[in-house]
Amino acid sequence: MRYAARSEWTKLRTDPGNGWLLLGVMALTLAVGAAVAMTARCDAVGCGEDPTKLSLTGVMAGQVVVAIVAVLTAGNEYSTGMMRITVAAVPRRLTVLFSKAAVLSAVMLVANAIGVFGALLVGGMVQPGRGFTEAHGYEAMSPADSETLRAAVGSVLYLVLIGLLSLGIALIVRSSATAIGIVLGLLFFFPILTQVITNPDWQRLLQQIAPMTAGLSVQTTIGVDRLPIGPWEGLGVVALWAVGALAVGGAMLRSRDV
């Protein structure tokens with residue numbers, strides 16, 4: 001496992017495209033979150049905005065780049081034929097799966113943490129000037145606050161899980177373009193469908209099972225009791241999607257000729 005993980009790390013860091021994509025994850029997460037924090041306003045008591053969630057809006061954009069990086073981790077090897085060399089060097093195919101997942105998770109953990117906590121730092125600096133003050137019922141936003149810390153850590157874990165989900169789908173379909181399309185469909189189709197369906201029970205169910213809607217509930221710090229699913233339970237839904245995709249991808253990796 002140690003040698004397989006070292007090999008995966010070498011493949012990931014020596015592809016210059018991955019470096020730019022990881023910078024893109026950090027930049028998008030931070031820049032979009034900062035832009036929203038700088039433009040949002042709270043002009044009166046009870047304006048109802050969630051300053052922490054506003055600062056973390058960039059996670060929604062960053063997840064797209066996370067999915068691309070994760071898909072290319074396996075998809076590029078299938079498109080170039082390098083996967084045959086990989087499984088010849090590491091005959092235990094589950095070791096290949098675990099090493100890819102471990103290296104991807106470690107890299108994403110670092111990149112996502114920089115983007116997420118950077119966005120919160122910017123939000124904490126600019127939001128008091130946008131009306132998010134004690135006079136309007138808001139305390140200064142700080143990662144030391146339990147709700148803010150939960151939103152930040154949960155957002156980082158959410159992005160890591162989206163990466164693992166994307167890796168699993170890439171192993172299933174063996175095509176980068178197809179896998180990216182499926183992942184983005186899973187993320188954005190459910191919220192669109194929720195807007196089309198008018199039945200409130202079905203809307204609530206879709207919000208509870210959709211990976212993006214359920215997962216991003218972990219960012220909410222105001223009105224948590226009104227969410228269709230709890231913050232950590234929502235993150236658990238994304239974990240189930242990721243584990244399911246990796247399980248099917250691992251089974252296919254073992255059962256078929258590369």
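All residue numbers in this chain count up from 1 along the given sequence.
- The shortest heavy-atom contact between L54 and T57 is O-OG1, 2.7 Å.
- The minimum heavy-atom distance linking L161 with A242 is given by the pair O-CB, 3.7 Å.
- From L104, atom CG reaches atom OG1 of T73 across 5.0 Å, with rounding to the nearest 0.5 Å.
- Heavy-atom minimum distance, V183 versus A67: CG1-CB, 3.8 Å.
- The distance from the OG1 atom of T10 to the CG atom of D15 is 12.5 Å, given to the nearest 0.5 Å.
- Between atom CH2 of residue W241 and atom CE of residue M212 there is a gap of 12.5 Å, rounded to the nearest 0.5 Å.
- Taken from CG in L206 to CD in Q195, the straight-line distance is 11.0 Å, to the nearest 0.5 Å.
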Pair up each side-chain donor or acceptor in residues 164-171 with any protein partner under 3.5 Å, not counting sequence neighbours, and list the distances.
from, atom 1, to, atom 2, distance (Å)
S166, OG, I162, O, 2.8

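- Panel note: side chain T86, backbone M82; a donor-acceptor pair is recorded below 3.5 Å.
- Hydrophobic cluster membership is shared by L186 and F189, with clusters built from Ile, Leu, Val, Met, Phe, Trp and Tyr side chains linked at under 4.5 angstrom.
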task: Kindly indicate, with the supporting measurements, whether the criterion side chain to side chain donor-acceptor pair (under 3.5 Å) is fulfilled by T52 and E147.
output: CA-CA 9 Å; T52 301; E147 293 293 309; over 6 Å; no
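- The closest donor-acceptor contact from the side chain of T95 to the backbone of P91 lies at 3.5 Å or more, if one exists at all.
- G62 approaches T29 most closely through the heavy-atom pair CA-OG1, 3.8 Å.
- Looking only at distances, no side-chain donor or acceptor of Q127 sits under 3.5 Å from a matching main-chain atom of A37.
- Cluster annotation: F117 is not connected to L30 through the hydrophobic network of ILVMFWY side chains, with a link wherever side-chain heavy atoms come within less than 4.5 Å.
- Both L193 and F188 are members of a single hydrophobic cluster when ILVMFWY side chains are connected at heavy-atom separations under 4.5 Å.
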Steps toward side chain to side chain contact (heavy atoms under 4.5 Å, CB included) verdict (N112, V66): CA-CA 9 Å; N112 297 332; V66 167; 3.8 Å; yes
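- Not one N or O on the side chain of Q63 forms a donor-acceptor pair closer than 3.5 Å with the backbone of L159.
- Within 6.0 Å of CZ in R92 there are 12 or fewer heavy atoms belonging to other residues, nucleotides or ligands.
- Side-chain N or O atoms of N18 include one that pairs as donor or acceptor with a backbone N or O of L12 at under 3.5 Å.
- A donor-acceptor pair is defined here as one N or O able to donate and one able to accept, closer than 3.5 Å; no such pair exists between the side chain of Q207 and the backbone of I229.
- Side-chain contact between H136 and C47 is absent, with no heavy-atom pair separated by less than 4.5 Å.
- Side-chain contact between L253 and K100: absent, with no pair of heavy atoms (C-beta onward) separated by less than 4.5 Å.
- With contacts defined as side-chain heavy-atom distances shorter than 4.5 Å, the pair N76/K11 does not qualify.
- Applying the 6.0 Å contact sphere to CZ of R13 captures more than 12 heavy atoms from other residues, nucleotides or ligands.
- Here the side chain of R174 pairs no donor or acceptor atom with the backbone of Y78 at under 3.5 angstrom.
- To the nearest 0.5 Å, the span separating CG on L94 from CG on L246 amounts to 11.0 Å.
- Looking at heavy atoms from C-beta onward, R6 lies out of side-chain contact with W9 at the 4.5 angstrom threshold.
- For CD of E233, the number of neighbouring non-hydrogen atoms (other residues, nucleotides, ligands) closer than 6.0 Å is greater than 12.
- For the atom pair CE (M125) and CE (M141), the distance works out to 9.5 Å, reported to the nearest 0.5 Å.
- The minimum heavy-atom distance between A119 and S55, with the atom names listed, is CB-O, 3.3 Å.
- A donor-acceptor pair is defined here as one N or O able to donate and one able to accept, closer than 3.5 Å; such a pair exists between the side chain of S105 and the backbone of A101.
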- request: In sequence, state the C-alpha distance, the side-chain angles, and the governing distance for Y138 and E49, and then conclude on side chain to side chain donor-acceptor pair (under 3.5 Å).
  value: CA-CA 10 Å; Y138 291 95; E49 296 287 358; over 6 Å; no
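- V59 and F190 end up in the same hydrophobic cluster when Ile, Leu, Val, Met, Phe, Trp and Tyr side chains are linked at under 4.5 Å.
- Residues C42 and F132 share a closest heavy-atom pair of CB-CE2, 3.8 Å.
- At a threshold of 4.5 Å between side-chain heavy atoms, the hydrophobic network of Ile, Leu, Val, Met, Phe, Trp and Tyr places V156 and W232 in one connected group.
- In this structure a side-chain-to-backbone donor-acceptor pair under 3.5 Å is missing from R93 to G250.
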